[in-house]
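Here the structure comes first, spelled out in structure tokens, and everything after it is commentary.
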Amino acid sequence: MLMQIKNVRKQFNGVDVLKNVNVDVQKGDVIVILGPSGSGKTTFLRCLNFLEQADEGTMQFDTLHLDLSHTSSSDIAKVRKKTAFVFQNYNLFANKTALENVTLGLTAGRHVGKSEALAIGRQALDKVGLSDRYDYYPAQLSGGQQQRVGIARAIAVKPDVILFDEPTSALDPELIGEVLRVMKKLAEEGTTMIVVTHEMKFAQDVATHVIFMDGGVIVEEGAAEDIFVHPKHDRTKMFLKRILPCGGICEEYECR
Amino acid sequence: MLMQIKNVRKQFNGVDVLKNVNVDVQKGDVIVILGPSGSGKTTFLRCLNFLEQADEGTMQFDTLHLDLSHTSSSDIAKVRKKTAFVFQNYNLFANKTALENVTLGLTAGRHVGKSEALAIGRQALDKVGLSDRYDYYPAQLSGGQQQRVGIARAIAVKPDVILFDEPTSALDPELIGEVLRVMKKLAEEGTTMIVVTHEMKFAQDVATHVIFMDGGVIVEEGAAEDIFVHPKHDRTKMFLKRILPCGGICEEYECR
Amino acid sequence: MDLDLDFMYETFFKILGGISTTLELTILSLLLAAPIAFYMAVLRLNDAKISSGAVRVYVSFVRGTPIILQILLLYSLLPSVLNTIVQTLGINFNVFDAIDPFFYAVVVFSLNTIALLSEVFRSALISISKGQLEAGLSIGLTRFQVYIHVIIPQAMVVALPNICNITVNLIKGTSLAFLMTVKDVLAIGKIAASFGYNYIEAYIDVFFVYIILCTIIQVLYTAAESKISTFRAMHV
Amino acid sequence: GKSETKETAAGTDGAKKVITVAHTNYYVPYDYVNDKGESDGFEVAVMKEVAKKLPQYEFKFVPTSDDDLLIGVESGKYTVGTKGIWKTPAREKKYIFPKNYIGASVIGLVIRKDTADKIKDMESFAAYSGKLVPIAPQNAQYAVVEEYNKSHPDKQIKLVPSEAFKVSDAYTWVMEGRYDAYFEVELNYKNNVLNKNGSYHQFADNVSYIRYKGIPTYPLFNKKEQKFADEYDKAIEELRAEGKIAELENKYFGESLSNYIGDSDK
Amino acid sequence: MNYRPFDPSFLLQSIPALLPYLQITLFVGISSIVFGSIFGILLAKAKLSSIGPLRWLAQGYTYVMRCTPSIVLLFIVFYGLPKLVDGLFNYQIDDWDRSVFAIITLVLLFGAYVSEVFRSAYLAVPRGQYEAAVSIGLTPLQAVIQVVIPQAMIIALPNFGNSVINLLKEGALAYTIGLIDLIGKGNLIISQNFGAYAIEIYLACMFIYWVMALLIEKVFFIIEKRLDKGQTLKTVQTVKQDKKRARLFLIKGVKFHGPGS
Ligand SMILES: Nc1ncnc2c1ncn2[C@@H]1O[C@H](COP(=O)(O)OP(=O)(O)OP(=O)(O)O)[C@@H](O)[C@H]1O
Ligand SMILES: Nc1ncnc2c1ncn2[C@@H]1O[C@H](COP(=O)(O)OP(=O)(O)OP(=O)(O)O)[C@@H](O)[C@H]1O
Ligand SMILES: [Mg+2]
Ligand SMILES: [Mg+2]
């Protein structure tokens, strides 16, 4: 088991945003988290990367056993070296060009040589279709371009685990396809991923495990087929019904 | 004719981002702009609201005839009083709560009484499903919640024209449905809208006119049926093919 | 070396009498300077060639040259100039008696505070993202309204610690007004000390008064800062 | 406390005890730093002669500001301080004043010529208007005027304290009527106005000078330095007897100041 | 006015006489700025720290220092420090160069002031910037240095400029303990002339200070331009300005074709 996350609880101003969340992640897994707006998806990912301190919860990562509510900074550093985060609002470094955004994690974070980092960085940007925007600053990029830089930044450092928070929200359907293809490729290469997304197609195609959250708890989880084809809970059924082609019961993926 | 936009040209650092863009808008129109990332959709909307100064171009708005490249600030103010903008990256007022974000345009911008403004503001937030987040600051809201506040802020001032820049990108499919319903209702009430979106369903259902942009020019435009069912240009065909259910030829809307 | 405690005790209360002068000078200067300084900051952001250049020259001159020297120019020259003007116009007005030196002090310190504050405001404005202005404009607010409702409240969070720096510096710096015979806290201490050369005692007294005064002011500023920054201190 | 142990330690080493003479650095021609950056001036020159008489000590001259000089002598950082100080009873509580004065200065009023018929002395000035250019309180002149006011309660001069201002303003202020008199050391008046090269010589016809009195000036000693103060007194008496001091007065002032000092002040 | 002698040639003559004394102003000033900034950074870091006592200590220090008039602190350092060092280590520092005491004083004060400048600028950078940096494996220190500080700097610079120029002027404080700086020399010249030429000398001093301030501001201006990557409120308007220039150009070019073509 690569990651075992247990019993995560998180409050904001006394309101529970996450309650007793448990997730097991095997190496190479692609875990998709679905759920309505405000259900705690982002908060959960942030807790995993210690950007938010959980009030309770443990995480076993590789050989590390961590208490999410008070983790030593050296442990945090270890986990972060092996993970990367794609932010819902991109959070590109405003003072760095697209290429610098992508290479920084290599040169500063991983002591990769400058020219090698540049090569890797260019490659990553090329993958997401930004070969003509290397030297643009974030303020000069369109929404979709910024989002893709964010993705390139995360994949460039070749982490063991990537946490994606709605990585295709600002993209047009054409590009969504491209980006999902890149992600699929990563999955095939064995990168472990936890992905918050509303792209059902991607979930159906790639997810090894689907989690449906609502109100800070995991309502239902299971293999993609199970969740999409035979959801058990009413809440899940309702959610899926509205959004899947053919009213939620859709065995023929091609339809979409 | 409510708006007639002619010959808009815009460069950034000597690179054309918009070239000779012409759009006619009738009162009550819902114009949907489609196009790949970086094609200039956002820039176009921004030029219409004078957030970006076009290098060339004219706009007739109601009885006003404006030169987009040098407009007097009083004319700009007149246009802005009648329009609202939903930003791709939300741009919520960081120092104001959700409710204050929504009411500010009423109290300060339009001299609506405080209690009336509050009533309108609450109603607008309720419409987008945020009745439990009135007093949250933007930093305390999830991505989708922020996006919905942005929408509520624009519709609360009841403008003649609303410019939407990917208003549902951060929403889950369930909410997308809700928000699109709100927009449909606005359309039925006669609000004119120019919407950048990738929600084909919405375009198909509501758009009176669809514009497909690429590389800063309008490649193709026409009624929704024409564009979706019988696209003429190869570029349009390619774009649609990838994204529409059933390979771009889809007469049965229910399918999605 | 023995401290003259009696002297210290007596002088302390004498010095307290200077607080009003110190505070009046400080507060008046701040209030007079703030709007002008803010306008200057906006001019500089606009980067309009002439006005922004003029502001830069003003700021560099006023904050770049010692206040003592400015006082010298203003206090020793200006009244003379005014007097000459009044005389040649034949107006029956005694410039030297009618204008209280306090007035010159307010002018000098306001001019200085304008220069410093304009930089404080400029830095605070730089920290606000442009989307905030655009969002305000797009819902039909005037630029002025956006500044009032959105930009200034956010900018103040960044500005307050720096305004606090300026305020406490003013409190201490207004003692230069003694060059113009205006007696603030420090001046009273110096006068008291001069008879028996009790400088050490007087300075300790003055120090105490400043500690009280500046602590109150700093506490107020810190409270204000934490109050107006509630909106952003979410993730800790 | 601690400085004492330090000094005795130095003393037992057999090294000479160091006498630090602090002097103000721009009170020309009494104490100042000359073009070469050396300590200079009449009082400094006298102290240097004193040093020759007391070879058991090593003298060190430190130019510094008035504030530092006063605090430094009080705290023991400096042994002696000299800046043209006038004796007052309050000051004697803090410092040792020697029996013998070191120099003297003559002070008086600078007034406009057109008021010369009305202002003849301090009393008539007080009667005329009493508007005197402000004086820095640490300046001894302040104490002199204050003393005058105490002894003439019915003929007060308007004494306004302020931080020190430069002379050029004061002359101008008097001439343009902002004030009616300026309390000034006679020597400065001579150099500025009467001297053909003085920068105010062009206005020699506009102003005149009324001598008030000459006042002896003293160096200050740290409270623990009574022994050294006594040795100083002895040295000064010898120097005065030898005519050395008169010689220096001539060098720095071009005349003997001692003549101006009234017997009561000596 | 006619009663005020004014000799412009004296003003010009005095500049070369004054300039060498700028050296002490600059020496004291620059050393204090360098060490004071480092100290200020440490203080700001402490104030932002999650360790309570450290935070309170730094905050308390700032409070007290900002209450302290520089001249009082100077005397405390000049008289107190040698006694303290003597008492603690039995070591004499009385004879140290006076500039050392002036520098220590100014470092203590400057540190307190700029720590607030740094703190407010640091907090003004959106937290997401730091988060993004650590999320790709930068250490917190690297994240701050590589990402947060460059963005905080553009916000801090104007206030830092205030403090730096203020400090260079405060350098005149050194005069109180007998160091002759620019203004000190000015006063010397004035006294050597029995108080005459004060206006001329002071104008010369002002002029020198002003030139110094202009140079400093120029440097800051260049740094600021370099740091601005188009994210600030400032740039909306600069962009507009560029456009105004471009438009002027356009109008010229279009003249013969008539508008609207
Ligand atoms: N700092 C905060 N203070 C208070 N409440 C917060 C804070 N941050 C988040 N919340 C609340 O926690 C809930 C979960 O937020 P989160 O960002 O995890 O949602 P999400 O599932 O990512 O939603 P979305 O799909 O809209 O991004 C939301 O209701 C939000 O209002
Ligand atoms: N300030 C700027 N400087 C230089 N180039 C810019 C600037 N702003 C935008 N651009 C470029 O203009 C092009 C159009 O940007 P725009 O934001 O209009 O795209 P968009 O169609 O909205 O894309 P998306 O769907 O990704 O949001 C992009 O290629 C972008 O890189
Ligand atoms: Mg989220
Ligand atoms: Mg866009």
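Below, each value reflects all heavy atoms present in this structure, side chains not excepted, and no hydrogens, waters or symmetry copies. Lettering of chains follows the sequences in order, A, B, ..., and the numbering in each one begins at 1. Being a predicted model, the structure only gives us computed values, none of them experimental.
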Please round to the nearest 0.5 Å and tell me the distance separating atom [atom1] of [X] and atom [atom2] of [Y].
X      : Y      : atom1 : atom2 : value
E:I76  : C:Y203 : CD1   : OH    : 12.0 Å
E:I183 : C:L69  : CD1   : CG    : 4.5 Å
E:Q59  : C:T222 : CD    : OG1   : 5.5 Å
C:N162 : E:N159 : CG    : CG    : 3.5 Å
E:E217 : C:R56  : CD    : CZ    : 7.5 Å
E:N166 : C:I166 : CG    : CD1   : 9.5 Å

Do [X] and [Y] have side-chain heavy atoms sitting under 4.5 Å apart?
X      : Y      : result
E:V114 : C:N165 : no
C:K172 : E:S70  : no
C:L73  : E:Y202 : no
E:E116 : C:C164 : no

So which residue, [options], ends up with the most heavy-atom pairs under 4.5 Å with chain C?
options                      : value
E:P158, E:G161, E:A112       : E:P158
E:V72, E:L214, E:I165, E:T68 : E:T68
E:N162, E:I155, E:T62        : E:N162

Check whether C:S123 reaches the backbone of E:A156 with its side chain - one donor and one acceptor, N or O, closer than 3.5 Å. no

For [X], is the [atom1] atom crowded, meaning more than 12 foreign heavy atoms sit under 6.0 Å from it?
X      : atom1 : value
C:I50  : CD1   : no
C:K183 : NZ    : no
E:R55  : CZ    : yes
C:I68  : CD1   : no
C:Y221 : OH    : yes

Residue set satisfying ring pair (Phe, Tyr, Trp, His ring centres under 6.0 Å) with E:Y63, at least two apart, ordered chain then number -> none

Nearest heavy-atom approach of E:P69 to C:F207 is CD-CD1, 4.0 Å

Heavy-atom nearest pair, E:R66 first then C:P161, reads NH1-O, 3.7 Å

Which atoms of [X] come close to chain C, meaning under 4.5 Å heavy atom to heavy atom: side chain ones, backbone ones, both, or neither?
X      : result
E:I71  : side chain
E:L168 : neither
E:F207 : neither
E:L203 : side chain
E:L73  : neither
E:M212 : neither
E:V117 : both

Cut-off 4.5 Å, heavy atoms of chain E, and the answer for C:E225 is side chain

Within residues 57-64 of chain C, contacts to chain E at heavy-atom distances under 4.5 Å involve C:V57, C:V59, C:S60, C:F61, C:V62, C:R63, C:G64

*Quick one: do C:I126 and E:E224 satisfy side-chain contact (heavy atoms from CB on, under 4.5 Å)? Show the steps, please.*
CA-CA 11 Å; C:I126 287 175; E:E224 222 177 84; 4.3 Å; yes

Max heavy-atom pairs within cutoff under 4.5 Å with chain E, candidates C:N169, C:T215, C:V219, C:I211, goes to C:N169

